[in-house]
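Since the structure comes first, as structure tokens, the remarks are kept for the end.
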Protein chains: 2
Amino acid sequence: PSGRKVLIVYAHQEPKSFNGSLKNIAVEELSKQGCSVTVSDLYAMHFEPRATRNDIVGSLHNSELFNYEVEAGKAYRRGGLSSDLIEEQKKVQEADLLIFQFPLYWFSMPAIMKGWMDRVLAEGFAYDFPNCYDSGLLKNKLALFSFTTGGSKEMYGKETTSGDIRYVLWPMQHGIMHFCGVKVLAPNICFSPGRVSEENRKQMLNAWAQRLKTIWKEEPINCSAEWYFK
Amino acid sequence: PSGRKVLIVYAHQEPKSFNGSLKNIAVEELSKQGCSVTVSDLYAMHFEPRATRNDIVGSLHNSELFNYEVEAGKAYRRGGLSSDLIEEQKKVQEADLLIFQFPLYWFSMPAIMKGWMDRVLAEGFAYDFPNCYDSGLLKNKLALFSFTTGGSKEMYGKETTSGDIRYVLWPMQHGIMHFCGVKVLAPNICFSPGRVSEENRKQMLNAWAQRLKTIWKEEPINCSAEWYFK
């Protein structure tokens, strides 16, 4: 794996949080392997989540009827996206593996990370009809969603009110990453680190470190409806 | 329905957009019925999507290890949330019906609206363990997700790559609204307004106006896993 490039997109406000530890472990372990690791620390960067006209430098294709997707796509092609987006796109372009590290907020990612998806994965850069799903523009990359939950593992079962945890992965893994052609590795889910013992937390951190040692040998999941809802 | 209160949480950058028209139709039709309608126009308000320490006025419960959910919950109880959140919470508290109007971004809502969920629906205000789902704190309210898609109706089928459109509704309707005790009305989905004829667009707008005439007689959906994945 020496020479492989990894981008960690990280969304937690507190460096000393469990999410912060998971991020640090990934940086350490992957660096030790000789990978080159970049972290986009979204809160520390004050990353802008709102998709607005400010993302387009210069004049608009149609200022009478602003359409974000169309304008961002045209701006991407002429190099006219705002500099924060160009920078993130460069990191994505260079990466072999994208790791998304975050606490689950409302059955999804925190808004700051959703804004990263909304703004960075522009038309023309990440997809370009009919180039989506298996022919998405970011093919030959891998993605891994690594997140913590508030609820316990038992709360996320097929027969429980909260339902299988895989249901919440559909929009993120399939609707975003697979759509862009990215192959998806199995998620790393740490259930309820805030409510378990220190011993348990250490086990979860160790398991993550161990998994990363052989991460480059893993096969992607079969990212189709059966994996999620079978 | 005279006297009923409606909050429309609206996320589109362009007033002349199809989403803008759907929002305007709801304001007009519901006002005509004698309802009192409030709109939170998130982009116009420059609504902040990021959940940060800035949401808490005054000192923190634990500044050594910042935990947003905990801090926001404690701040809510002592009236110490930032003024933008207090204002949104007042609107929610007074509303009988919440309408969320947005374009689907990446199988979900735009980041600016996700940020509204992340920040406004604080612990203690919207839920309070074990008060969640049917005993969530916002019971006796209704919610309706009204959104547009890029893809056509045919693209969202059980057997297609994009899958049933209901799969994307699980985190939003069930994971957020049902979790807070809100009853969910059937969604209003306008497929691909950008790619259909002007005639078709008018039909979709008319159908929405017609539906709103009898909206108060509608029964909520049965918001459990079967509705989404049956």
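Worth saying up front: this structure is predicted, and the values here are computed from it rather than measured. To find a chain, count down the sequence lines: A is the first, B the second, and so on, and within it residues start at 1.
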Under 4.5 Å heavy-atom distance to chain A, tell me which part of [X] shows up: side chain, backbone, both or neither.
| X | result |
| --- | --- |
| B:F66 | both |
| B:M113 | neither |
| B:S17 | backbone |
| B:Y105 | both |
| B:C223 | neither |
| B:L121 | both |
| B:E159 | neither |

Does a donor on one side chain sit under 3.5 Å from an acceptor on the other, for [X] and [Y]?
| X | Y | value |
| --- | --- | --- |
| B:Q13 | A:T52 | no |
| B:S162 | B:Y167 | no |
| A:K114 | B:S108 | no |
| A:S224 | A:E226 | yes |
| B:Q173 | B:Y228 | yes |

Exercise. Hey, is B:E14 close enough to A:R53 for a salt bridge, meaning N to O under 4.0 Å?
Worked result: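 A salt bridge is absent here (no side-chain N lies under 4.0 Å from a carboxylate O).
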Problem set entry | Nearest-0.5 Å distance, CG of residue B:L205 to CD1 of residue B:I25 |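 Nearest 0.5 Å value for the CG-CD1 distance: 4.0 Å.
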Answer with side chain, backbone, both or neither: which region of [X] has an atom nearer than 4.5 Å to a non-hydrogen atom of chain B?
| X | result |
| --- | --- |
| A:Y127 | side chain |
| A:E64 | both |
| A:M109 | backbone |

Exercise. Under a 4.5 Å heavy-atom cutoff, which of A:F179, A:Y43, A:W170, A:F129 has the most pairs with chain B?
Worked result: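 Of the options given, most contacts go to A:W170.
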Exercise. Looking at the rings of A:Y133 and A:H178, which for Trp means the six-membered one, are their centres under 6.0 Å apart?
Worked result: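 Yes, the ring centres sit under 6.0 Å apart.
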Between [options], who has the most heavy-atom pairs with chain A when the cutoff is under 4.5 Å?
| options | result |
| --- | --- |
| B:N67, B:D118, B:I112 | B:D118 |
| B:V70, B:V168, B:T161 | B:T161 |
| B:G194, B:G163, B:G115, B:A51 | B:A51 |

For this session: Would you please classify the geometry between the A:W116 ring and the A:F100 ring as parallel, tilted or perpendicular, with 30° and 60° separating the classes?
Result: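 Taking A:W116 first and then A:F100, their aromatic rings stand perpendicular (interplane angle over 60°).
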